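Read the structure below first, then the notes.
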Protein chains: 4
Amino acid sequence: MALPTTTAAAVLTEHSAALTLRELPLPDEIEPGAALVRVTCTTLCGTDVHLWSGQMTFPGMLPMVLGHEMVGEVVAAGDGTTDTFGRDVRPGDRIGWSESTCGKCHGCAILREPVACASRGYGFLQRADEFPYATGGLVQYCYVTPGAAKLLLPAEVKDTWAAMSGCAGKTVLRAFARSGGVRPGATVVVQGAGALGVFATAVARISGAGTVITVGGPDDRLKVAEQFGATATIPVDSRPHDRIIQVRDLTDGRGADHVFDFAGGPTVGEEAVAFAAQRGTIAVVGSTGPQPSPVPLGTVMGKELTVVGSLNGDIADYHRSVEFFGTFGTRMPWDELFGEPVGLSGASARVESMSRFGELKAVIDPRLP
Amino acid sequence: MALPTTTAAAVLTEHSAALTLRELPLPDEIEPGAALVRVTCTTLCGTDVHLWSGQMTFPGMLPMVLGHEMVGEVVAAGDGTTDTFGRDVRPGDRIGWSESTCGKCHGCAILREPVACASRGYGFLQRADEFPYATGGLVQYCYVTPGAAKLLLPAEVKDTWAAMSGCAGKTVLRAFARSGGVRPGATVVVQGAGALGVFATAVARISGAGTVITVGGPDDRLKVAEQFGATATIPVDSRPHDRIIQVRDLTDGRGADHVFDFAGGPTVGEEAVAFAAQRGTIAVVGSTGPQPSPVPLGTVMGKELTVVGSLNGDIADYHRSVEFFGTFGTRMPWDELFGEPVGLSGASARVESMSRFGELKAVIDPRLP
Amino acid sequence: MALPTTTAAAVLTEHSAALTLRELPLPDEIEPGAALVRVTCTTLCGTDVHLWSGQMTFPGMLPMVLGHEMVGEVVAAGDGTTDTFGRDVRPGDRIGWSESTCGKCHGCAILREPVACASRGYGFLQRADEFPYATGGLVQYCYVTPGAAKLLLPAEVKDTWAAMSGCAGKTVLRAFARSGGVRPGATVVVQGAGALGVFATAVARISGAGTVITVGGPDDRLKVAEQFGATATIPVDSRPHDRIIQVRDLTDGRGADHVFDFAGGPTVGEEAVAFAAQRGTIAVVGSTGPQPSPVPLGTVMGKELTVVGSLNGDIADYHRSVEFFGTFGTRMPWDELFGEPVGLSGASARVESMSRFGELKAVIDPRLP
Amino acid sequence: MALPTTTAAAVLTEHSAALTLRELPLPDEIEPGAALVRVTCTTLCGTDVHLWSGQMTFPGMLPMVLGHEMVGEVVAAGDGTTDTFGRDVRPGDRIGWSESTCGKCHGCAILREPVACASRGYGFLQRADEFPYATGGLVQYCYVTPGAAKLLLPAEVKDTWAAMSGCAGKTVLRAFARSGGVRPGATVVVQGAGALGVFATAVARISGAGTVITVGGPDDRLKVAEQFGATATIPVDSRPHDRIIQVRDLTDGRGADHVFDFAGGPTVGEEAVAFAAQRGTIAVVGSTGPQPSPVPLGTVMGKELTVVGSLNGDIADYHRSVEFFGTFGTRMPWDELFGEPVGLSGASARVESMSRFGELKAVIDPRLP
Ligand SMILES: [Zn+2]
Ligand SMILES: [Zn+2]
Ligand SMILES: [Zn+2]
Ligand SMILES: [Zn+2]
Ligand SMILES: [Zn+2]
Ligand SMILES: [Zn+2]
Ligand SMILES: [Zn+2]
Ligand SMILES: [Zn+2]
């Protein structure tokens with residue numbers, strides 16, 4: 001069977017504008033270590049929305065193909081292409097994939113932390129008009145580069161779950177690991193009620209937290225947070241001082257053992273410190289950019305807090321996220337996280353919807369019309 | 001022998017003004033658990049200076065007796081008075097002492113961290129005109145309250161070392177413990193070149209740090225830091241950006257494995273984050289007060305930093321500090337930390353001198369005229 | 001109302017023989033810090049059985065009153081009697097209690113770990129014919145000594161749950177804390193299917209373990225373990241090599257992330273090491289006595305295992321256990337752990353039943369006939 | 001210049017017999033990622049001695065070339081050969097090298113611990129009569145395989161130091177990291193006075209240990225341990241009980257905060273547990289083989305010890321060891337660890353000498369006659 005030589009793609013050519021349906025070239029040959037994949041599911045994440053809107057931007061980025069949470073079926077594999085565990089990747093296999101890491105820098109080799117890699121490759125952060133063209137998720141056929149970390153997926157993990165594991169899932173699980181684990185019965189505040197915040201709410205609960213307070217909005221997302229195990233929710237449009245009082249009241253006056261920032265924003269640090277109990281832990285996950293925001297360091301000292309930064313995760317976190325869904329597939333109503341699947345022609349509307357706090361996670365199935 | 005019924009004291013009656021020499025009453029009887037001590041050495045710490053100047057203040061605090069780093073000889077002991085280890089405290093014994101903790105609050109009983117005690121007693125933070133009057137260090141005879149944690153002192157640890165262990169020493173050692181220990185050869189930045197910063201410089205070096213960079217001033221203190229093991233120093237009046245470049249250059253471009261804030265101030269958090277290497281640790285020790293200061297949380301995340309608050313320490317830290325000086329008495333020129341001893345009449349001048357960055361630690365020996 | 005001057009008690013006078021119902025004196029007055037309590041529930045633990053049988057013994061121990069997991073209603077309280085949190089203990093209050101610790105030894109003051117106390121007081125390990133006579137649980141009225149750590153109990157925590165928290169509950173929760181927490185989805189082996197093992201099975205599950213394998217016997221206890229969340233069980237009378245193979249098969253060939261020894265016995269160390277995955281953790285909780293047992297240290301090294309010893313816990317662990325039951329009261333069929341309550345006259349039969357692997361935890365309600 | 005086509009080698013053909021000087025073939029071409037190196041220094045380690053004597057043996061191992069701690073000058077490099085940090089490896093460069101790891105197994109990819117690699121390649125554990133023939137250290141020219149982790153060496157680190165970093169150095173530093181670091185003033189027992197034990201003694205001291213007790217023999221090695229910072233030494237031929245008493249006496253009756261097993265042997269576990277203080281840490285480094293040895297698990301529990309296994313280390317540990325010598329080159333008399341350099345013809349005598357507790361580390365410089 002001849003391989004496809006082009007692919008349909010939904011391309012971002014202008015920020016905050018509709019995606020353009022376009023036909024992109026596919027590489028003539030599949031390099032050793034690479035694969036051509038027919039995408040079956042791409043889930044969108046907050047970063048996609050920020051790239052779309054231009055809230056997150058970098059020089060010369062357009063045109064680009066959005067989407068970095070995706071899975072598909074291998075159509076063709078290069079010579080010696082294996083997944084992270086060295087298992088052969090062959091046509092017909094179902095795989096997910098993630099960033100490449102160099103294995104040679106201080107972060108990779110000495111810190112043994114691939115997220116700290118000095119030259120992490122985002123195969124998908126490529127211009128759509130330059131080789132290898134079709135590396136983002138909003139395509140029919142995706143070229144998975146040799147360096148991209150690949151994972152053969154177990155059958156019991158749904159496409160949406162596996163796709164989400166490639167970014168949202170691994171990010172949340174890594175943040176919990178960085179926070180040192182949740183003692184059974186512990187109190188947890190989750191800042192943010194987007195996909196990360198809601199998933200973190202579920203993970204906190206599954207990890208044995210006794211009290212899980214999700215702070216965010218809008219209200220329908222807080223309702224979803226409750227479905228995923230929140231024992232209380234606090235709307236983010238309440239007065240900051242009221243939020244602090246509420247957390248205090250919900251935690252026997254002691255504050256939360258763990259605070260997870262999946263929200264970002266200028267007040268998140270100050271509130272996290274106020275929410276935390278003596279000797280509590282704060283995981284900073286949602287804050288981006290170089291600009292400082294106010295943090296009461298005197299209180300960090302006074303409560304002897306531990307504040308840890310946590311990045312999105314490496315292939316181990318990705319793998320653990322896939323395993324997580326395999327293990328806890330029936331424990332939560334996971335499918336409530338996802339919108340109705342649409343084809344590439346519907347992608348544009350879904351991105352825009354997410355930007356207006358519509359569905360938590362839009363689902364694109366490029367096989368749909 | 002009759003016990004003294006009054007004691008000479010240098011009393012703070014007005015901020016930023018000279019201390020007043022005054023005779024304070026002593027309790028008629030020594031309560032069970034308490035002791036009357038003839039002070040042989042009080043060392044002053046930055047907090048004393050801030051209390052004196054009024055930079056640190058609270059309602060109704062004056063008149064008060066400054067000094068909370070002190071040792072002395074027991075003149076009389078109450079019924080059943082013991083030290084922290086249950087050893088009898090008897091007349092003639094040489095002891096140091098520190099805050100009381102309640103043993104009953106969440107911090108004491110559940111967190112097992114006396115520094116988190118909800119009702120830590122600062123015997124010395126008492127008005128000089130209320131019972132028990134003479135609990136600060138700038139007195140000839142000091143009343144050591146029943147709750148105060150007491151330590152019998154080993155002969156090989158000098159008065160100045162033992163006195164300093166009661167606050168500065170324990171604070172620094174606890175911060176190192178909170179930071180998870182120093183790998184041999186690690187790179188350390190110490191923010192601050194006061195007594196805490198210089199002592200921390202020495203502890204970093206003794207702990208096996210390969211590179212210790214002390215940031216502070218004025219220049220003669222940086223010279224002292226070098227005597228205590230700094231491999232490089234950076235004046236605090238340099239341009240912030242230059243400091244960051246210097247730290248980078250001194251750490252093979254990677255930043256510091258550990259940053260210790262013993263300086264406080266509005267820019268300390270931002271600089272600490274810039275100084276730190278990927279996956280580095282920042283200990284917040286010198287920041288006080290509830291007001292926030294700018295911290296680039298996006299960089300905390302991007303570098304996966306760990307930021308820990310550390311308080312001044314409990315009796316275990318105090319004990320470890322005394323042991324530290326016993327063990328490393330000849331390893332550093334410790335006595336360079338201390339000014340020339342003066343009597344109570346000279347205390348006023350010494351406090352003022354410290355406020356102008358004079359000696360690192362003034363020494364008061366109330367037996368001197 | 002006049003206080004009772006004697007109490008009915010079930011007294012152990014000879015090992016492996018029936019307990020003797022006897023009337024013991026009660027102290028004439030309640031010392032400051034002490035309380036007289038009408039026992040409403042005593043649950044028996046393995047140690048009670050070992051003391052009864054003489055498997056655990058020490059010189060001059062008999063006659064003694066068994067029982068160290070108990071709760072009751074305060075009949076009279078001494079001057080200034082408070083619970084661990086400093087809350088007044090008054091007649092009518094419902095309390096549990098536990099060992100005294102000195103607060104002054106190296107373990108208490110420097111390690112900040114009361115379980116390491118050099119003079120931990122087991123109020124209940126007292127001869128029944130010496131003051132204060134009635135300090136064990138198998139009495140109608142119990143004298144709670146001044147040093148004993150006391151806890152006011154929340155209404156939502158049942159008597160049996162609170163009683164069990166005083167030994168079994170806190171022991172298990174501490175072991176999980178010592179093991180560093182359970183990653184969501186982790187694999188756990190619990191060695192032992194007694195009360196500790198079954199409770200640990202539940203805690204592992206609640207903590208987010210994905211696979212929990214309980215190794216023990218007899219078969220009806222393994223059935224109970226399944227009710228409490230075991231995903232697989234292995235009978236202890238299988239061949240050792242088969243057990244290892246089974247654990248390997250149940251953990252994708254990798255072994256368990258966590259092994260908890262709640263069994264003791266000469267082969268438990270060797271098996272734990274074989275069960276554990278690379279970089280796994282083993283918590284040693286059930287092994288007692290000074291005699292060594294075989295451990296393949298070469299494998300400890302080869303797998304880079306972490307082996308932690310964990311003791312029965314302090315008042316913080318006790319408190320957390322009470323909170324645990326408050327939080328997770330409906331999460332597991334806790335009441336399956338307990339036998340049918342009987343009066344003091346039935347205690348003898350229950351101890352003997354437990355020694356023959358009858359009920360997991362016998363319940364004595366001394367108010368029953 | 002034509003590359004050499006053969007190399008002189010000292011080959012082990014029979015256990016406990018003299019090594020045979022033999023000419024081995026060299027590969028016709030240098031594969032991509034590989035290098036041909038002129039060895040300038042090989043230091044021998046205990047494993048070499050055990051392989052020589054046959055104490056450590058495996059089927060079909062002979063003939064083999066001993067030596068896995070070595071450095072040399074690159075004579076030729078394959079296409080794209082880089083060191084661990086991706087730096088080009090070119091003729092004239094001075095490099096050290098170490099085991100290959102696969103990067104794809106559970107240990108490498110998920111645990112992120114290359115020492116746990118399921119297919120760690122010991123390039124040097126190859127038969128000398130099979131391709132690539134000359135991969136051990138006792139050769140004039142060594143073929144460094146593509147997978148071997150390579151390190152460009154800084155000029156200030158001597159050949160002997162860099163060679164030793166490849167096994168002994170990294171093993172010791174990793175063990176200290178696994179043990180959680182040494183608190184300043186801590187008490188340390190080092191079991192073993194071979195090269196590992198003596199180096200560990202030095203590392204303990206440099207890390208800030210206050211008391212370092214080296215247990216081993218013979219006496220002249222204990223003398224060397226003192227030169228490297230031991231504050232006390234205990235001969236291994238003393239009575240076991242006496243050793244325990246001595247450690248107790250040297251640690252204020254508390255035992256050691258850290259015990260490091262660099263000795264192995266059937267009694268090492270039992271003694272380590274006896275040496276350790278409450279809540280102390282034991283690092284198991286010297287124990288090998290699958291056979292169990294006696295460990296008093298009841299005491300592991302009673303003292304709440306932490307026992308960690310530690311393997312020989314990965315390229316990060318190797319790198320840190322090289323850095324360590326660069327940083328602390330003048331801190332200890334490192335050269336006392338090493339014997340007088342001899343050529344390949346003298347290697348045989350040196351191995352035999354080490355087996356009789358002669359020099360701590362024999363040094364072979366194959367350029368010598
Ligand atoms: Zn990298
Ligand atoms: Zn994303
Ligand atoms: Zn307290
Ligand atoms: Zn102070
Ligand atoms: Zn104690
Ligand atoms: Zn018990
Ligand atoms: Zn591997
Ligand atoms: Zn070796």
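Every chain is numbered from 1, with letters handed out A, B, ... down the list of sequences. Owing to the predicted nature of the structure, the values given are computational and were not obtained by experimental measurement.
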Checklist line | Over all atoms of both residues, closest heavy-atom pair of B/Pro292 and A/Pro294 | finding: CB-CB, 3.6 Å
Notebook entry, point to check: What's the spacing between B/Cys117 SG and A/Gln278 CD if we round to 0.5 Å?
Noted result: 9.0 Å
Checklist line | Interchain contact, B/Leu111 with chain A, by part (heavy-atom threshold 4.5 Å) | finding: side chain
Item checked: B/Arg254 atom CZ: more than 12 heavy-atom contacts under 6.0 Å -> yes
Checklist line | Top of A/Lys303, A/His106, A/Met301 for chain B proximity - count of heavy-atom pairs under 4.5 angstrom | finding: A/Met301
Next item on the list: Under 4.5 Å, counting heavy-atom pairs only, tell me which of B/Gly264, B/Gly269, B/Gly107, B/Ser310 racks up the most with chain A.
Entry: B/Ser310
Check: Can you check whether B/Leu311's main-chain N or O pairs, donor with acceptor, with A/Glu304's side chain at less than 3.5 Å?
Finding: yes
Residues 183-193 of chain A side chain polar contacts: donor-acceptor under 3.5 Å, at least two apart:
| from | atom 1 | to | atom 2 | distance (Å) |
| --- | --- | --- | --- | --- |
| A/Arg183 | NH2 | A/Asp257 | OD2 | 2.9 |
| A/Thr187 | OG1 | A/Asp257 | N | 3.0 |
| A/Thr187 | OG1 | A/Asp257 | OD2 | 3.3 |
| A/Gln191 | NE2 | A/Val268 | O | 3.2 |

Margin query: Among B/Val308, B/Val273, B/Ile282, B/Leu305, which residue has the highest count of heavy-atom pairs closer than 4.5 Å to chain A?
Written below: B/Leu305
Checklist line | chain B contact via A/Gln291 - side chain, backbone, both or neither, heavy atoms under 4.5 Å | finding: backbone
Note to self: Tell me which of these, A/Asp261, A/Val115, A/Val285, has more heavy-atom pairs under 4.5 Å with chain B than the rest.
What the structure shows: A/Val285
Notebook entry, point to check: Is there a side-chain contact between B/Ser293 and A/Leu297, using heavy atoms and a 4.5 Å cut-off?
Noted result: yes
Note to self: Under a 4.5 Å cutoff for heavy-atom pairs, which residue among B/Ala116, B/Ala277, B/Gly289 has the most contacts with chain A?
What the structure shows: B/Ala116
Checklist line | Contact check, side chains of A/Val307 and B/Thr306, non-hydrogen atoms, under 4.5 Å | finding: no
